[in-house]
Enquirer: 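I am attaching a structure below and will ask some questions about it afterwards.
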Amino acid sequence: MSTVSTVNGGISFWYASGGTPPPREPLPGDSTADVCIVGGGYTGLWTAYYLKKAVPFLNITVLEAKFCGYGASGRNGGWLYNGIAGRDRYARLHGHDAAVRLQQAMNATVGEVIRVAGEEDIDADIHHGGVLEVARTPAQLARLKNLHSVEIAFGETDRVLRGARETAEHIRVSGAVGSSWTPHGARLHPAKLVKGLADAVEALGVTLHESTPVTEIKPKHAVTPYGTVRAPYVLRCTEGFTAGLKGHRRTWLPMNSSMIVTEPLSEALWDTIGWDGRETLGDTAHAYMYAQRTADNRIAIGGRGVPYRYGSATDNDGRTQPATVEALRDLLVHFFPTTARTRIDHAWSGVLGVPRDWCATVTLDRSTGLGWAGGYVGSGVATANLAARTLRDLIQQDSGQAGPTELTTLPWVDHKVRRWEPEPFRWLGVHTLYAAYRTADRREATSSRPTTDPLAKAADRIAGRH
């Protein structure tokens with residue numbers, strides 16, 4: 001397999017065919033709005049969509065530093081699924097039933113995104129094939145079975161556990177000893193979704209200003225180099241780019257994730273792999289992977305690569321390290337050996353937001369009018385939609401237009417998270433943790449013991465994930 005001709009960066013492969021969208025006008029100067037949304041990704045656009053649908057007379061302005069979908073919304077793996085970061089912690093803090101309500105809301109969110117995409121004629125290559133997670137070692141299989149039991153305990157009774165032979169009937173992952181499948185997931189084309197959503201929001205009458213970086217958010221103000229937008233409500237929807245805002249360097253850690261995509265595979269090659277159900281594909285390794293079979297029959301596969309840049313720095317237009325490209329290529333071949341001679345067409349990277357306790361949150365501070373949502377830890381394609389509908393309800397409640405709703409009482413609302421450690425401890429900690437996870441994966445790959453490596457357990461405790 002060659003990576004010599006691989007395109008590296010250019011935002012992501014998802015923009016390779018259609019190109020980046022024509023730029024919208026930047027903010028022309030000081031202005032006012034009823035609601036100002038900072039960030040033109042999934043969270044910001046979905047929030048604008050639902051607010052404008054609920055209250056058509058609202059004057060809503062969205063400010064985006066580059067273009068809508070420049071960040072994780074245009075670079076992710078295309079997993080629309082029901083995972084939510086922090087559910088187990090919310091169960092401990094608020095009780096099992098509260099966490100079940102949160103999970104049920106996430107289950108329904110998959111269908112909600114599919115519904116709106118259809119209603120708004122957004123062709124995002126959506127295929128509702130569910131999510132398949134595989135195990136390739138005894139330790140991974142033990143974690144997979146535990147995951148399966150836990151998900152059933154949270155109400156996902158339609159989940160299916162499969163052995164090695166049944167797994168191979170759906171997809172032939174080399175060395176797979178079992179899998180778990182849930183119907184609550186779909187594959188999609190991330191950039192097509194965000195571009196279609198931006199067009200739908202604009203058609204509703206929402207004002208979108210691109211090439212307008214916000215440097216500071218404060219009560220009733222969003223400050224940019226071109227002017228300030230004043231609004232009773234200012235919503236921070238910046239996810240992995242939050243650290244670039246004044247005062248937010250340690251709020252959420254911008255974790256790197258990288259991807260590669262193959263050339264379109266031949267039918268003969270697909271016959272050796274299977275994957276006719278086009279499920280999104282993941283595993284239960286500590287340094288886990290995620291993949292999809294694209295609408296044009298490529299394999300897009302991703303993983304962590306270099307997990308974090310010093311000082312919460314973010315990438316330059318999606319370029320990723322050559323070593324990461326090689327590592328992802330090796331991972332692809334380990335999963336599907338018949339792809340060994342397949343060309344890698346594109347590689348890219350992006351950042352996702354990670355709170356110190358790994359819990360996604362949505363908040364509206366009623367005393368200041370400041371709101372925010374994010375910290376999705378890689379599960380943002382669906383979670384952003386639920387967060388947006390929750391922000392809508394919180395604003396309507398605060399403005400006296402409605403009372404509490406099922407969404408405003410979910411346990412992730414108003415969750416408080418402590419800040420990340422200062423540098424160099426942040427950089428040292430993250431890199432040490434992921435070195436530990438990779439070491440644990442290597443040890444488990446050569447062990448017949450069905451137990452999680454102690455090094456990974458220690459890393460989870462230090463990271464605050466459990």
Side-chain angles (χ1 to χ4, degrees), residues 33-64 68-69 72-73 80 82 84 101-102 104-122 124 126 188 190 193-208 222 231-239 360-366 369-376 379-410 412-414:
D34 296 317
V35 180
C36 179
I37 297 171
V38 180
Y42 291 146
T43 305
L45 293 174
W46 278 123
T47 302
Y49 178 85
Y50 286 111
L51 272 172
K52 194 68 172 176
K53 280 282 195 177
V55 190
F57 62 78
L58 278 181
N59 178 6
I60 303 172
T61 295
V62 177
L63 302 176
E64 165 55 42
C68 291
S73 299
L80 176 69
N82 66 337
I84 182 156
R101 287 198 300 115
L102 180 59
Q104 289 173 337
M106 279 304 308
N107 294 351
T109 295
V110 174
E112 171 66 7
V113 172
I114 295 172
R115 180 192 70 80
V116 174
E119 187 175 280
E120 298 293 342
D121 292 324
I122 300 172
I126 297 174
L188 56 75
L193 176 61
V194 74
K195 289 163 76 173
L197 185 56
D199 290 342
V201 164
E202 200 167 38
L204 289 173
V206 173
T207 301
L208 302 181
Y233 298 102
V234 180
L235 308 180
R236 190 186 80 225
C237 303
T238 48
E239 182 57 357
T361 58
V362 57
T363 297
L364 179 67
D365 186 336
R366 304 184 70 175
L370 296 177
W372 57 89
Y376 305 134
S379 301
V381 179
T383 312
N385 178 278
L386 178 61
R389 287 182 283 128
T390 305
L391 280 172
R392 173 202 60 193
D393 289 2
L394 288 170
I395 288 175
Q396 287 197 274
Q397 179 183 344
D398 182 70
S399 61
Q401 296 174 336
T405 68
E406 178 70 20
L407 298 185
T408 63
T409 61
L410 290 175
W412 69 329
V413 174
D414 294 333

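Counting begins at 1 with the first residue of the sequence.
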Enquirer: Short question: side chain of Tyr233, backbone of Val35 - any donor-acceptor pair under 3.5 Å?
Expert: no

Enquirer: Okay, side chain of Arg101, backbone of Thr409: is any donor-acceptor separation there less than 3.5 Å?
Expert: yes

Enquirer: For Val362 versus Ala387, what's the shortest heavy-atom pair and its separation?
Expert: CG2-O, 3.9 Å

Enquirer: May I have the step-by-step check of side-chain contact (heavy atoms from CB on, under 4.5 Å) for Trp412 and Thr383, ending in yes or no?
Expert: CA-CA 11 Å; Trp412 69 329; Thr383 312; 3.6 Å; yes

Enquirer: Let's go through Val55 and Asp34 carefully: what are the C-alpha distance in whole Å and the side-chain angles of both, what is the deciding distance for side-chain contact (heavy atoms from CB on, under 4.5 Å) to 0.1 Å, and is it a yes or a no?
Expert: CA-CA 11 Å; Val55 190; Asp34 296 317; over 6 Å; no

Enquirer: Any chance you could measure Leu394, atom CG, to Ser399, atom OG, to the nearest 0.5 Å?
Expert: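 One finds 10.5 Å between CG of Leu394 and OG of Ser399.
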
Enquirer: Between Lys52 and Val201, is a side-chain contact (heavy atoms from CB on, under 4.5 Å) present by the stated rule, with each step listed?
Expert: CA-CA 8 Å; Lys52 194 68 172 176; Val201 164; over 6 Å; no

Enquirer: Distance check, rounded to the nearest 0.5 Å: Leu102 atom CG versus Ile84 atom CD1?
Expert: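 Reported to 0.5 Å precision, the distance equals 4.0 Å.
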
Enquirer: Where is the tightest heavy-atom contact between Leu208 and Ala198, given as atom of each residue plus distance?
Expert: CD1-O, 3.7 Å

Enquirer: How close do Gln396 and Ala54 get, counting heavy atoms only, and between which atoms?
Expert: OE1-CB, 3.8 Å

Enquirer: What distance separates Trp372 CH2 from Thr238 OG1, expressed to the nearest 0.5 Å?
Expert: 11.5 Å

Enquirer: Would you please say whether a donor-acceptor pair under 3.5 Å links the side chains of Tyr50 and Asp393?
Expert: no

Enquirer: Which value, rounded to the nearest 0.5 Å, describes the distance between Thr390 atom OG1 and Gln397 atom CD?
Expert: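 So the gap between those two atoms works out to 11.5 Å.
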
Enquirer: If I compare all heavy atoms of Ala382 with all of Thr109, which pair ends up nearest, and what's the gap?
Expert: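 Nearest pair, atom of Ala382 first, then Thr109: O-CG2, 3.2 Å.
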
Enquirer: Report the distance from atom CZ of Arg392 to atom CG of Leu235, rounding to the nearest 0.5 Å.
Expert: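 So the CZ of Arg392 and the CG of Leu235 are separated by 13.5 Å.
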
Enquirer: State, to 0.1 Å, how close Leu45 and Gly40 come at their nearest heavy-atom pair, and which atoms those are.
Expert: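 Closest approach of Leu45 to Gly40, heavy atoms only: CD1-O, 3.5 Å.
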
Enquirer: Minimum heavy-atom separation for Leu391 and Thr363, please, with both atom names.
Expert: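 Looking at all heavy atoms of both residues, the shortest contact is CD2-O, 3.7 Å.
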
Enquirer: Look at the side chain of Glu239 and the backbone N and O of Tyr376, then say whether any donor-acceptor pair between them is shorter than 3.5 Å.
Expert: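 Yes.
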
Enquirer: Tyr42 side chain to Pro190 main-chain N or O, any donor-acceptor pair under 3.5 Å?
Expert: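 Pair found, side chain donor or acceptor close to backbone of Pro190.
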
Enquirer: Quick check: does any side chain N or O of Thr405 sit under 3.5 Å from a backbone N or O of Thr408, one acting as donor and the other as acceptor?
Expert: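 Such a contact is found between Thr405 side chain and Thr408 backbone.
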
Enquirer: Output the distance between atom CG (Leu197) and atom CH2 (Trp46), rounded to the nearest 0.5 Å.
Expert: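 So the CG of Leu197 and the CH2 of Trp46 are separated by 5.0 Å.
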
